Chemist: 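Would you mind keeping the following structure in view while I ask a few things?
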Amino acid sequence: MCLPIDDAAMLCWLKSQKSVLEAWRNELTERPDTTDTMINRVEQHYTWLSEEISRLDVHRQAA
């Protein structure tokens with residue numbers, strides 16, 4: 001079953017995921033058991049997602 005998801009809905013969902021990653025990143029920095037590796041992995045995903053959102057948003061606006 002495929003749900004009809006338009007670009008605006010997809011971008012909204014992706015942006016909400018970015019907010020979740022921000023909260024996760026902030027929580028990790030406050031936990032004493034957090035390693036640099038853990039923070040780096042979340043940060044890499046956050047950076048990748050941010051770039052993808054920007055790319056998709058620009059593409060959507062140009063259409």
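Here the structure is a predicted model, which means the values were calculated and not measured.
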Chemist: Taking T34 for its side chain and L28 for its backbone only, find out whether a donor-acceptor pair lies under 3.5 Å.
Modeler: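 Answer holds: yes.
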Chemist: Between K15 and D57, does the side chain to side chain contact (heavy atoms under 4.5 Å, CB included) criterion hold? Intermediate values first, please.
Modeler: CA-CA 11 Å; K15 288 175 183 178; D57 215 5; 3.5 Å; yes
Chemist: Report the distance from atom CD of E43 to atom OG1 of T29, rounding to the nearest 0.5 Å.
Modeler: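 Going from CD on E43 over to OG1 on T29, the span is 10.5 Å.
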Chemist: If you apply the rule side chain to side chain contact (heavy atoms under 4.5 Å, CB included), what do you find for R55 with E52, and how did you get there?
Modeler: CA-CA 5 Å; R55 185 182 62 79; E52 289 301 305; 2.7 Å; yes
Chemist: Measure the OG-CG distance between S54 and L14 for me, rounded to the nearest 0.5 Å.
Modeler: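 Answer for the OG-CG pair, S54 versus L14, is 11.0 Å.
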Chemist: Name all residues meeting the ring-ring contact (aromatic ring centres under 6.0 Å, His included) criterion together with W48; count only those two or more places apart in sequence or in a different chain, and write none if there are none.
Modeler: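 Expected list: H45.
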Chemist: Which residue in the set Q17, E22, R41, E51 passes side-chain hydrogen bond (donor to acceptor under 3.5 Å, both in side chains) when paired with Y46?
Modeler: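 Between Y46 and the candidates, side-chain hydrogen bond (donor to acceptor under 3.5 Å, both in side chains) is satisfied uniquely by E22.
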Chemist: Could you state the interatomic distance from CZ (R25) to NZ (K18), rounded to the nearest 0.5 Å?
Modeler: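 That separation rounds to 9.0 Å.
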Chemist: Would a single hydrophobic cluster contain both W13 and V20, if residues Ile, Leu, Val, Met, Phe, Trp and Tyr are joined by side-chain heavy-atom contacts under 4.5 Å?
Modeler: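 No, no single cluster joins them.
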Chemist: Which pair of non-hydrogen atoms, one from L49 and one from L21, has the smallest distance, and what is that distance?
Modeler: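 Reported closest heavy-atom pair: CD2-CD1, 3.7 Å.
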Chemist: Please determine whether the number of non-hydrogen atoms from other residues, nucleotides or ligands lying under 6.0 Å from atom CG of N40 exceeds 12.
Modeler: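 It does: N40 CG has more than 12 such atoms within range.
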